[in-house]
Every structure is written in C-alpha cells, then in structure tokens.
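Data block below; observations after.
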Amino acid sequence: MNALISQLVNLFAAVMLILAFAMLSQRRVITLIHLFAMQGLAVVGATTVVAYVTHQHHLYYSALLTLVLKVFLIPFLLHRVIDRLNVKWDIETLFNIPTQMIVGIGLVIFAFNVSLPIARFSETISRGTLGIALACLLLSFLMMITRAKAVPQVVGFLAMENALFFAATSATYGMPMVVELGIALDVLVGILIMGVFMFQIREQFESLDIRHLEKLKED
Amino acid sequence: MLSLLPIDGVLAVIAAWLSIGICGVFALRRFAFVSRVLFPAGGLVCLALALFALQALFQSPQVAVLPLGLPGLPFHLRLDALAAFFLLVIGGAGAGVSIFAAGYFRQGEGTPPGLLCLEYHVFLASMAMVVLADDAYAFMVAWETMALSSFFLVTANHKVPEIRDAGFLYLLVAHVGAIAILLCFGVLQANTGDYTFANMRAQSLTPFWASAAFLLALFGFGAKAGIFPLHVWLPEAHPAAPSPVSALMSGVMLKTAVYGMVRVSFDLLHLQLWWWGALLLAVGLATALFGVVFATVQSDMKRLLAYSSIENIGLLFAAIGLAVIFNAYGMRALSALALTACLFHVASHALFKSLLFVGTGMVLHATGQRNLGRLGGLVRFMPWVAWLVLIGVLASSGLPPLSGFASEWLLLQTFLFTPGLPHPFLNMVIPVLAAAVALIAALAGYAMVKFFGVVFLGQPREETLREAHDAGWLERIGMLWLAAGCVVLGLLPTQFIVLIDRVTIDLLGWGLGRQVAQTGWLILAPFSVERASFSPLLFFGGVLFCSVLAFLLVRAIYHGHMRRAPPWDCGFAWQTARMQDTAEGFGQPIRQIFEPLLRLERHLPTAADREPRYRVVVGDHSWFRLYLPIAHGVEFLARQVGRLQRGRISIYLLYSFLTLLFMLFLVR
C-alpha cells in the first residue's frame, strides 16, 4: 500500500516536471496559463495524497487553499488581464526554445545532484521528489529570465511558488499552517500588484515588452 | 547642607546645555533673546562645569549608569581624574568662547540664531559626554553626536559651495576615524561581548592584539586630531566655521582626540610597548613640523591658525609618545613628566588657540577680510582686540612667562631626560628630536610674528580698514577671560601641575606634585633645582622692572611725550601702504627652505605686463599624492560595479539565479 502511494506521489511529481518543461517551451499565453493551472492541480493531488497517508489534517486545508487559489482564482485573474490587455499572441523569448530546453535539462541534473544529500536527512515518504521540486523551481526561474513579456514572467513567478510549496510538502510535510496562509496571501496580493503594474507598463510604453524598462536605467 | 556629587553636577550641566539648546529652537529668530540670554547662560554653565571638574579632581572616581540608550544597554559614565581634567579644559575654554559668542553672532548669516544655539550647546554637551563615557556604546554615541553637531556648525553658512565641500570632507574623515575607533573597542573587549571600559581594563591582550588596538586608536583619534596625513580636513573646516566655533573645534574638540589616545594607551590597555611610543613620537613630530611650515606660508589668517593647531596637536602626540616609551621601560617619574607636559599643553593650547580664533573673528567682523594681504595697522582701530590677541600670540610662540612657555619647557625637559633609557637606539635618536622640537617652536614663533605683524602692525593696506570698530563688551569679557587664563597658567604653573598630578597618579601611579611642591610655589623644577628650574613670577617681575626702568629712563632723557610721524620713505617720494612687507614676502624664506615639503604654483608677471600680478598657491602634497589617487581608485571601482546595472530585468533575474545556483552548489 505504502509503496503504491509513494509511487503515486512520484507520479504527481513527474507530471509537475513535465508541465514545467511544457511551460518553458510554450509559445502561447493562454496555453501557458492553462498549463499553470494544471501544475497547480498536480500540487493539490500530491498534497492530498501525502495528507491521506500521514493523517496531517492541516495539509488538507493547504491543498484546498491551493486548489481555490492556484487552480481557479489566479488563472481566472490572469485570463481577465490578458483579455483586457489583448495579449493572447505568441510569446517572444530571448533565446530560442531548444537552447532553453537543453539548459533546462542541465538544471534538472544539477537539482538532483544537489538535493541528494538533503533528501537523505529527510524521513518522509515523498523524499525522493525533493530533486524534482528543486528542478521545477529552477526551470520556472529560467522561464522568468528568458521571457520578454510581463505576463509570462508573472506566470513563471507563480510556478516558482508552486514548486516551493511542493518542495516544502515533500521534504517536511508542509510548513506550519500560519506560514502557508501568509504565503498564499502574499501571492494573492503579489498578483494584484503585478496586474496594476502590467496596466501601468502598458500605458507608459504601449506594450508589455519589459525590454522597454531599460529606458529607466540611470546613465 | 546638601552635598552634590561632582558627577551629578556634571550631568546637570549637560542637561542645562541641552535645555538651553532646546530653548534656542523655540526662539528660532528672536536674535536678541538668543544672543543676550541663552549664550551667556551657556557660558555660566561652562563655569559651573569647570568648578565641578575641579572638585572631582580631588575625589575618588565616581560612576553612574544612565537609563538611556537601548534596552539592556544603558550608558555607563565614570568621572575620574583624567575625565575631570578634560572637563576642566572644556569648561574653562568654553566659558570664554560662549561669552564671546554672545556678542559675536550677527543677524542674517545663514543658519538662524536659534538653530545655531542648539547646535552649539549640543556640541558642548557631547564633548562633555565623550569625556564622561565609560562604555564603548556611550562613547561612540557621544563621539558621533560631536562630529555631527560640529559638521552643522561648520556649514552654518551653507550657501557658499566651498564651505559645503569643507563640511563634507570633515564629515568623511570623521566617520572613517570613527570606524577605526569602533574596531579598536572591538579588539579591546577581547571577545567577551561586554563593551564597558571596566571590562576592557580587566582584559589582558596578547601583544599582537594590543598593538592592533593601539594602531586602530592612533588612526581613529589621529583622524579627529588632524595627525599627518589625516589632517586634510582641518585647514578646510576651521576657516569655514564661524569664529567661536573654530575656537571651540580647535581649542577643545581636538583635545577630545588627545583624551581618547591617553585613555586607550594608559587606561584601557594593560601594557605598553616601546615602539608604540616611538611611532607616536615620529608621527607627532612629523605632524608638528608639517603644520608649522604650512602655517608660516599661509596668507589666510584662519588657515594659518588651523595649521598652527596641527602643529600643536603634533607636539601633544609626541609628548604622549614619550610618556609611552618611558612607561614601557618602567621609568614612571619620567613618564609622569611627559604626560604632565602633554596635559599642561592641552590646557594651554585650549586657551591661547581659542583666544586667537575669536580674535580673528573680531577682525573678520570689523573688516570683512580674512586675507592677510588686505589687513594691517589694526592696532590703532581695535586696541582691545590687538592687545588681547598679542597675549595669545606670545603664549602660542612659547614665550615666558605665558602658558605656552611652561608647557613647551616641560616637554623639552622630558626630551633631555632620555639618556637614562635602556635602549641604545632611542637613546641616540631622541635628543636629536629635541632639536626638532626647538625648530618647531622657533618656526611657530615666526608664524605668530607674521600673523600679528601683518594684521595689527604697520599701515592699513586698504582705506576701509580705518572704519574698523573695536570689540563690544561681551566680546571683551570673553577674550579677557581666555587671556587671563593664559597669563595665570604661565605665572602659576606649579599650582596647575598639582591639579595634573591627580591624573598622572591615577594613570601611572606617579606624580610630579611632591617634587614640585618641595621647591615651593615660586620655582618650577620637575626634578631638582640644580638640574633645571624656572621661576615665571621672578622672570615676570624682572621683565616688568626692566620695562618700567627703560620707560622712565627714556622719558627722563628725551622730551617725554609721544609723537606720531610718517614712516621714513627711504627718499622715495611716492609710497603707499601696499608697499609694506606682505604675508607672502614674510613667509618667502621659509617657502624657499622647505620647498620640497610644499607644492608651489607660482605665476610671475613678465616685464612687459601693464597690470602685473604675482600669485602663489601653496598646495599640499598629501592631497595630490595620497587622497586624489584614493578618490580616483574608489571612482574606478564604483564605475566597475556600475557595469552590473544593465537596466534589464532578465539580467537582474539572471544574477539572482546564478547566486542561487552557486549557493546550492556550496551547500551540496
């Protein structure tokens, strides 16, 4: 039974990693947001399984919170933003996508390498997934770096938060409830602020291309 | 009868200063109230401080803990003999300067008078706190308050760009020095985490760490005192400040650095190494020589005095160095003599330099000129100022029977006692250095003759100088007080050494007091009458007798009344006051002799010039060889760091990404 459940967690983790690669290679904003919602769903699934096995009730609450926030509310907000700003077109990247994928593979190897000694100290059933969580985090970070537009960057930031949450769940059965609530609130406020910023950038530069922000540099 | 402990009295004085300052804020633009009520009140409080300090000198050390500061980190205060002596100096010199300042400040000069009053009294209070502090925390708070309040005082006329620059330079050097002092305290507490001075006294550091602490203290306090090559701020900041502030900064604030040096070397450090003393001696004498050479070639009267302050600080540090050397070899009596010379000169310099600075303030107010080339002949229009400044000038040149002579004589005596040292090299070198002290004293006299002669004697070089007015009554009282101090210290050195005795007994376990008292109050002989002695009162009596005799003889032989006649024109009919010997001309021989020390820029007129102009600018090598390269280096590094700023979010994200990867790699 335990082995099966452990495999189930691993499955969700694998799904997350695949979705992270999918996001890295995705060219359309709408699909990107869908992928993000799916990634949130995978996190919810993994959290629920871990909660069921370990009988940690607060993990159910965090799973529920994640579901509401990251699967429904934030994707909904993002959809509204891109509708308003009319930015459903293709994503421009700073490097071409195959290069990004190769760098991403390197990052995954690095993440596994790094997390091996850490995972050895952990005694949770899901400790094998720590490497995956770290890999997801680095891939999301890479996505933030390589995207030229504001919306994909925000999505990258949110995906990073997903990966962090997943890492916390897999390494220590989640952070204390208060911390998780705080982070959830932070993310929510963060997305609102970024929404405002996106409108402002748009108004200033007639575009959401963050390369325009270079003009703000002091010479 | 209510008995007030001196430390409570001193705290009351500090509180009184702060409340006077706050009163000034409420009367921001009520000039008459600030100048006629608040400043004289501050002066009276100074006197009270001097009295309390005098009382404290004869009592055992007292401690107090103020409930101020951070939670669990109160201010520890301690009033021992050393602190009391410096409080006496602050109070004594401060009283004169405060009363002078009451008459000096005029309306409509930059900072409003009320604010100036606040800054001035906070400055006084912080200096007293520096001396009282008994833990590193209280010391640093007071030290920084002192630096900041004096910065605002220096920039009182902040609309002038040069004054702003001078202020920033001062602030920069003060802060670099403060960092060194903080590090010094960090070394002194020896990893115990307890920053009270009591704990530092209890630690016994290894010679290596003790040396580190000493060098840091030398750098930190040297920056405040204006030790070469950290002196660059001093000749800029002192002329920029209003004259009473220059007087306080030069006369009193520089002494807090001397206090810190003495406190760290003799009180907080449990051992002294001979090479510390040799280093202090070398640095001190180099500073003194540098200062006095630059003083002789200046043509701005306040800059001249500022360089003269550098010279005096150098002598003080040299005296501390001698005290360290003697103490390192266990020769306590000689160490006590060196320290006595140092402390005597502290008091004497505080009085005469304050007097000279306030004197330049009067000249500045009366004529609007700081440039020596446009002054002259003022003795006839400002007799009070001229005669009082003359006393300061004589004391500063080290002429008997004034205070400067007593202290420099003691210092020279100390140099001449060195042959007893068990170190052959020092034995040979130090008597040679005594010659350097003699040279410095002589050059100081030269600079002072130039200062007094060009400003007050001869013919007025400008027509407007004839309208110069003399000092008002408050200014006269202030200057009289300071001049009286110079005379009393010079005439009664024995009595003053009895006061200093308490400090040296406290720090070194030895005092000159007994020996000095043996020979009676008339004669000052630090060891024995046969060896060396000096009787200022007899000397003064002799001088007075000869002068009166000469006066009477001349009166009897000649016609007996004074006659004013035009100066002989050497048969050259057309002559103006501008043809007198100028400041530049007077300093020219020194400029020739010491040319390698100076950086000269000369503009000579050609023979065919219709409007010939001669201009010479004396620059400081250390500025071009040391400070500018450092400044360029910092600028270069800053530009390199500036390359990190690309203005692209992706690049910034990449920085944090790479940092993250690097950290992960490290923890692996």
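Throughout, protein chains are lettered first and strands after them, A, B, ... in sequence-line order, and every chain is numbered starting at 1.
Side-chain N/O atoms of N199(B) and T192(B) include a donor and acceptor closer than 3.5 Å. Counting only N and O atoms by type, the side chains of Y137(B) and T196(B) include no donor and acceptor under 3.5 Å apart.
Interface remark: L107(A) contributes side-chain atoms only to the contact with chain B (heavy atom separation under 4.5 Å).
Counting only residues at least two apart or in different chains, ring pair (Phe, Tyr, Trp, His ring centres under 6.0 Å) contacts with residues 21-46 of chain A comprise H34(A)-H79(A).
In terms of the salt bridge (charged side-chain N to carboxylate O under 4.0 Å, His left out) criterion, residue partners of D300(B) (sequence neighbours excluded) are, by chain and number, R370(B).
Of residues 653-664 of chain B, those residues with a non-hydrogen atom less than 4.5 Å from any non-hydrogen atom of chain A are, in numerical order, L653(B), L654(B), S656(B), F657(B), L660(B), L661(B), L664(B).
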Return all side-chain donor-acceptor pairs below 3.5 angstrom for residues 618-625 of chain B, not counting sequence neighbours, or 'none' if the list is empty.
residue: D620(B); atom: OD1; partner: S622(B); partner atom: N; Å: 3.0
residue: D620(B); atom: OD1; partner: S622(B); partner atom: OG; Å: 2.9
residue: D620(B); atom: OD2; partner: H231(B); partner atom: NE2; Å: 2.7
residue: D620(B); atom: OD2; partner: S622(B); partner atom: OG; Å: 3.2
residue: H621(B); atom: NE2; partner: L598(B); partner atom: O; Å: 3.1

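Shown here for L142(A) and L24(A), the closest heavy-atom pair between the two residues is CD2-CD2, 4.0 Å.
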